[in-house]
Amino acid sequence: PALCGAGALRETGRMTRSGDAETGHNSSPTSGGGGPALDSAGFEILDRAQCLALLSKATLGRVAVTIGALPAIFPVKFCVVAGQVVFRTGEGTKLTAALSGTIVAFETDCASEEDGEVWSVQIMGASRVVERTADVVAAQLAALRSWAPVPLRYLVKITPEIISGRRLPGRLHLGPD
């Protein structure tokens with residue numbers, strides 16, 4: 001079964017800031033024979049466009065915020081609207097972070113036995129409550145629905161300032177040899 005968005009990988013990759021490539025501290029990209037750049041573990045390093053394309057395929061991710069200098073991670077259903085990650089929330093930690101424009105981290109990933117796809121994308125950026133009508137309508141049109149048993153009234157968007165991603169080249173084999 002597919003585990004897209006369910007915590008498959010946690011690699012960090014080449015990070016891009018507003019579209020300009022920077023090499024992350026833990027990566028040593030190599031490219032054998034003109035192929036894609038690979039990190040030291042053999043994962044393909046994804047560029048900004050590839051990361052955004054993969055983000056658009058997923059629906060479940062994790063938002064990381066700090067509470068009293070300690071990390072807190074929350075699962076969210078999300079969609080991508082105009083290059084921003086958008087999710088619903090109620091009153092609480094995620095809304096408080098968005099109201100203050102806090103920088104948050106977001107991660108989604110996929111490990112699928114059906115098609116052998118394995119990837120992970122992380123972003124960091126400011127979180128804000130969605131207030132403009134066009135953004136709200138776009139998020140609603142993207143069928144952004146929460147699993148929460150009570151309505152989540154607020155939409156939060158994360159604007160990617162840093163984005164990174166990794167993909168396992170080739171096909172994943174999870175069954176017996």
Side-chain angles (χ1 to χ4, degrees), residues 1-19 46-115 117-167:
L3 298 175
C4 295
L9 295 175
R10 297 288 187 272
E11 292 287 326
T12 58
R14 176 182 301 169
M15 297 186 175
T16 61
R17 203 180 283 274
S18 302
L46 303 176
D47 64 25
R48 184 179 184 87
Q50 292 170 310
C51 289
L52 289 172
L54 290 172
L55 273 174
S56 296
K57 290 173 56 173
T59 59
L60 177 65
R62 283 152 297 285
V63 175
V65 299
T66 56
I67 302 172
L70 297 173
I73 301 170
F74 301 95
V76 294
K77 284 187 66 180
F78 76 98
C79 65
V80 176
V81 178
Q84 299 176 325
V85 170
V86 180
F87 61 93
R88 290 193 179 278
T89 192
E91 294 187 18
T93 305
K94 296 182 296 284
L95 180 61
T96 300
L99 288 171
S100 64
T102 299
I103 301 294
V104 299
F106 177 86
E107 190 272 346
T108 191
D109 48 49
C110 180
S112 172
E113 285 187 58
E114 287 86 28
D115 60 13
E117 188 175 34
V118 177
W119 55 264
S120 176
V121 173
Q122 305 84 38
I123 68 172
M124 287 178 269
S127 60
R128 302 254 189 259
V129 173
V130 175
E131 295 177 6
R132 294 188 339 200
T133 305
D135 288 342
V136 173
V137 170
Q140 290 170 337
L141 290 175
L144 184 59
R145 292 182 179 83
S146 171
W147 291 329
V150 296
L152 300 178
R153 299 184 1 208
Y154 303 97
L155 287 170
V156 172
K157 65 182 176 182
I158 304 169
T159 303
E161 295 172 24
I162 297 174
I163 187 166
S164 66
R166 295 282 201 261
R167 178 171 38 211

### Query
Which heavy atom in Ile158 sits nearest to a heavy atom in Gly125, and how many Å separate them?
CG2-O, 3.9 Å
### From Ser164 atom OG to Ile123 atom CD1, the distance as rounded to the nearest 0.5 Å
10.0 Å
#### Entry: Nearest atoms (heavy-atom pairs only) where Trp119 meets Ala58
CH2-CB, 3.9 Å
### Task
Quick one: closest heavy-atom pair of Arg62 and Thr108, and the distance?
NH2-CA, 3.9 Å
#### Entry: Any side-chain heavy-atom pair of Ile163 and Leu55 under 4.5 Å
yes
### Spacing of Cys79 atom SG and Arg88 atom CZ [to the nearest 0.5 Å]
9.0 Å
### Task
Compare all side-chain heavy atoms of Leu54 with those of Glu117 and state whether any distance is below 4.5 angstrom.
yes
### Summary
Sequence neighbours excluded, the answer for side chain to side chain donor-acceptor pair (under 3.5 Å) partners of Thr96 is none
### Query
So, Phe87 versus Phe106, ring centres under 6.0 angstrom or not?
no
### Task
Test Ser127 against every option in Thr159, Val63, Val156, Thr89 by the side-chain contact (heavy atoms from CB on, under 4.5 Å) rule and name the one that passes.
Val156
### Task
Please identify each residue that fulfils side chain to side chain donor-acceptor pair (under 3.5 Å) with Thr93, with sequence neighbours left out.
none
### Message
Any non-hydrogen side-chain atom of Arg128 less than 4.5 Å from a side-chain atom of Gln84?
### Response
no
### Query
What heavy-atom pair brings Gly83 and Leu52 nearest, and what distance separates the two atoms?
O-CD2, 4.1 Å
#### Entry: Flag side-chain contact, heavy atom, 4.5 Å: Ile73 against Glu107
no
### Query
Between Ala97 and Val104, which heavy-atom pair has the shortest distance, and what is it?
CB-CG1, 4.4 Å
